[in-house]
Amino acid sequence: MDCHVCRSEERFDTLPPRERVDADEQWRVVHAFDSRLPGWLVLVPRRHVTSIAELTDTEAASLGTWQVRLSRALTAVTGCVKTYVMQYAEQAGFAHVQPILVRKCPWNGGFGPRSQETNEPRAIHRPGLVACLGQLQPLVEPQPSQT
């Protein structure tokens, strides 16, 4: 199998920072490497999955939580007005499920960079995103144990 995501996962500890913005047992957050725009985040499952329908219940629940947390972090760090989620898994070597979170900003129709952002490095927002993700409260409140 020729899967870029799985090959990357095999060397998780040595990946560059843009390939491991954050992670848990089910998902890894990366900056999209084929976009000229900063703040395009990709969620990749930590095991090989080619369809959303193949996700376990735990992976599916965690995916929803990640999408909301990352949307909140992108809003806080980039000032975007909203975020969108896309899912493609068609390109050769990239058949892996990989939801993409895209920021919509209040300039240039929402998706294009400001003139001063044109040469902005892709991972410029990583420190702010990591800090913001660490400060966000969990989406699910702990339930009191019933005895």
Side-chain angles (χ1 to χ4, degrees), residues 3-91 93-114 116-117 120-146:
C3 179
H4 171 78
V5 174
C6 290
R7 284 193 318 271
S8 295
E9 185 62 32
E10 290 172 358
R11 50 188 232 293
F12 177 82
D13 291 334
T14 61
L15 289 173
R18 72 167 177 79
E19 288 279 333
R20 50 183 171 85
V21 173
D22 204 349
D24 66 11
E25 296 80 28
Q26 288 85 37
W27 296 93
R28 179 166 48 99
V29 181
V30 305
H31 275 275
F33 66 83
D34 58 352
S35 171
R36 66 183 178 90
L37 302 175
W40 281 47
L41 301 177
V42 181
L43 277 161
V44 293
R46 305 224 24 212
R47 67 179 184 94
H48 189 72
V49 181
T50 60
S51 168
I52 294 287
E54 295 174 5
L55 295 176
T56 66
D57 290 344
T58 301
E59 289 167 334
S62 181
L63 172 60
T65 299
W66 272 113
Q67 288 176 343
V68 173
R69 289 184 71 225
L70 291 173
S71 292
R72 289 176 180 169
L74 278 172
T75 300
V77 172
T78 70
C80 64
V81 294
K82 58 174 72 174
T83 58
Y84 295 96
V85 178
M86 304 178 284
Q87 160 59 41
Y88 305 104
E90 302 299 325
Q91 187 175 352
F94 292 87
H96 205 100
V97 164
Q98 46 192 332
I100 305 164
L101 280 86
V102 180
R103 67 183 182 148
K104 179 178 182 190
C105 296
W107 57 80
N108 291 347
F111 298 102
R114 294 183 194 196
Q116 69 265 28
E117 283 188 320
E120 186 178 45
R122 291 182 192 111
I124 195 166
H125 295 300
R126 183 184 182 274
L129 287 169
V130 170
C132 188
L133 285 168
Q135 294 171 7
L136 290 174
Q137 297 298 314
L139 295 178
V140 179
E141 296 297 324
Q143 300 297 314
S145 61
Q146 296 184 10

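All residue numbers in this chain count up from 1 along the given sequence.
The structure places NE2 of His96 at 8.5 Å from CZ of Arg47, a figure rounded to the nearest 0.5 Å. Rounding to the nearest 0.5 Å gives a distance of 3.5 Å between OG1 of Thr50 and CD of Glu54. Remark: Leu101 CG to Trp40 CH2 distance equals 11.0 Å, nearest 0.5 Å. Rounded to the nearest 0.5 angstrom, Glu59 CD and Asp24 CG are separated by 10.0 Å. With rounding to the nearest 0.5 angstrom, the CD atom of Glu19 is 10.5 Å from the OG1 atom of Thr14. Rounded to the nearest 0.5 Å, atoms CZ (Arg72) and CG (Leu70) are 11.0 Å apart.
Counting heavy atoms from C-beta on, the side chains of Asp22 and Trp66 come closer than 4.5 Å.
Without hydrogens or angle criteria, Arg103 side chain to Cys80 main chain gives no donor-acceptor distance under 3.5 Å. A donor-acceptor pair is defined here as one N or O able to donate and one able to accept, closer than 3.5 Å; no such pair exists between the side chain of His31 and the backbone of Val21.
Partners of Gln87 according to the side chain to side chain contact (heavy atoms under 4.5 Å, CB included) rule, which considers only residues two or more places apart in sequence or in another chain, are Ile52, Ala89, Val97, Pro99. Shown here are the side chain to side chain contact (heavy atoms under 4.5 Å, CB included) partners of Glu9, two or more places apart in sequence or in another chain: Phe12, Arg28, Arg46. Legend: residues meeting side chain to side chain contact (heavy atoms under 4.5 Å, CB included) with Thr58, ordered by chain and number and at least two apart, are Gln26, Thr56.
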Let me see the working for Leu43 and Val29 under side-chain contact (heavy atoms from CB on, under 4.5 Å), right down to the final yes or no.
-> CA-CA 5 Å; Leu43 277 161; Val29 181; 3.8 Å; yes
Passes side-chain contact (heavy atoms from CB on, under 4.5 Å), Trp27 versus Gln67? Steps please.
-> CA-CA 11 Å; Trp27 296 93; Gln67 288 176 343; over 6 Å; no
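What you find for Val42 and Gln98 is that their closest heavy atoms are CG1-CB, 3.7 Å.
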